[in-house]
Amino acid sequence: MGGISPAIFFLIVFLVILASASIKILREYERGVIFRLGRLIGAKGPGLIFIIPGVDKLLRISLRTVALEIPPQDVITVTTSPSRSMRLFTFAS
């Protein structure tokens, strides 16, 4: 017979799936916040992060800056002369 028993095969497949679910990769512009059963464990930086699947939850936070162009609006000044207002709004997402 010489093959692997089905129980050992399913155990190996289960361990490979468990290992792939427990390794997360954060990019250079991302940070991760880890929650274990809903409680804060801590913040992790970029690189390989190991979590416990089903127990830990990784929340990815992007540190990239987004610039939005806000359309000009009519503004009435104290002297009641209308003027145009132009804004540029930046925030980190």
Side-chain angles (χ1 to χ4, degrees):
M1 300 269 162
I4 310 175
S5 71
I8 303 248
F9 176 74
F10 286 121
L11 180 66
I12 292 172
V13 169
F14 176 73
L15 290 176
V16 168
I17 291 172
L18 186 67
S20 67
S22 67
I23 298 173
K24 303 292 181 185
I25 300 174
L26 293 178
R27 300 191 190 283
E28 189 173 335
Y29 55 85
E30 290 179 331
R31 298 297 181 265
V33 179
I34 296 180
F35 294 98
R36 181 167 291 151
L37 298 174
R39 301 195 76 176
L40 177 68
I41 296 299
K44 301 292 183 179
L48 282 176
I49 307 296
F50 296 100
I51 63 169
I52 303 169
V55 176
D56 290 348
K57 180 179 179 184
L58 178 70
L59 182 66
R60 294 175 187 255
I61 307 295
S62 177
L63 300 178
R64 294 179 283 186
T65 301
V66 177
L68 298 175
E69 183 72 34
I70 298 176
Q73 300 175 352
D74 289 330
V75 178
I76 297 183
T77 62
V78 176
T79 60
T80 65
S81 62
S83 65
R84 302 283 286 176
S85 170
M86 298 207 37
R87 305 282 167 119
L88 180 67
F89 184 72
T90 62
F91 68 95
S93 64

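The two residues Phe35 and Ile41 come nearest to each other via the heavy atoms C-CG1, 4.3 Å.
When the side chains of ILVMFWY residues are joined at heavy-atom separations under 4.5 Å, either directly or via intervening members, Ile52 and Leu48 end up in two distinct hydrophobic clusters. Clustering ILVMFWY residues whenever any of their side-chain heavy atoms sit less than 4.5 angstrom apart, transitively, puts Leu58 in a cluster other than the one holding Phe50. There is no path of hydrophobic side-chain contacts, each under 4.5 Å, that joins Ile34 to Val55.
Within a 6.0 Å radius of CZ in Arg27, no more than 12 heavy atoms belonging to other residues, nucleotides or ligands are found. Surrounding CZ of Phe10 are at most 12 heavy atoms belonging to other residues, nucleotides or ligands under 6.0 Å away.
Residues Lys44 and Lys24 form no side-chain contact, since every pair of their non-hydrogen atoms from C-beta on lies 4.5 Å or further apart. Put simply, the side chain of Ile49 does not reach to within 4.5 Å of the side chain of Ile25, judged on heavy atoms.
With Phe9 as the partner, the side-chain contact (heavy atoms from CB on, under 4.5 Å) test is satisfied by one option alone out of Leu11, Ile12, Val13: Val13.
With rounding to the nearest 0.5 angstrom, the OG atom of Ser22 is 12.0 Å from the CD1 atom of Ile17.
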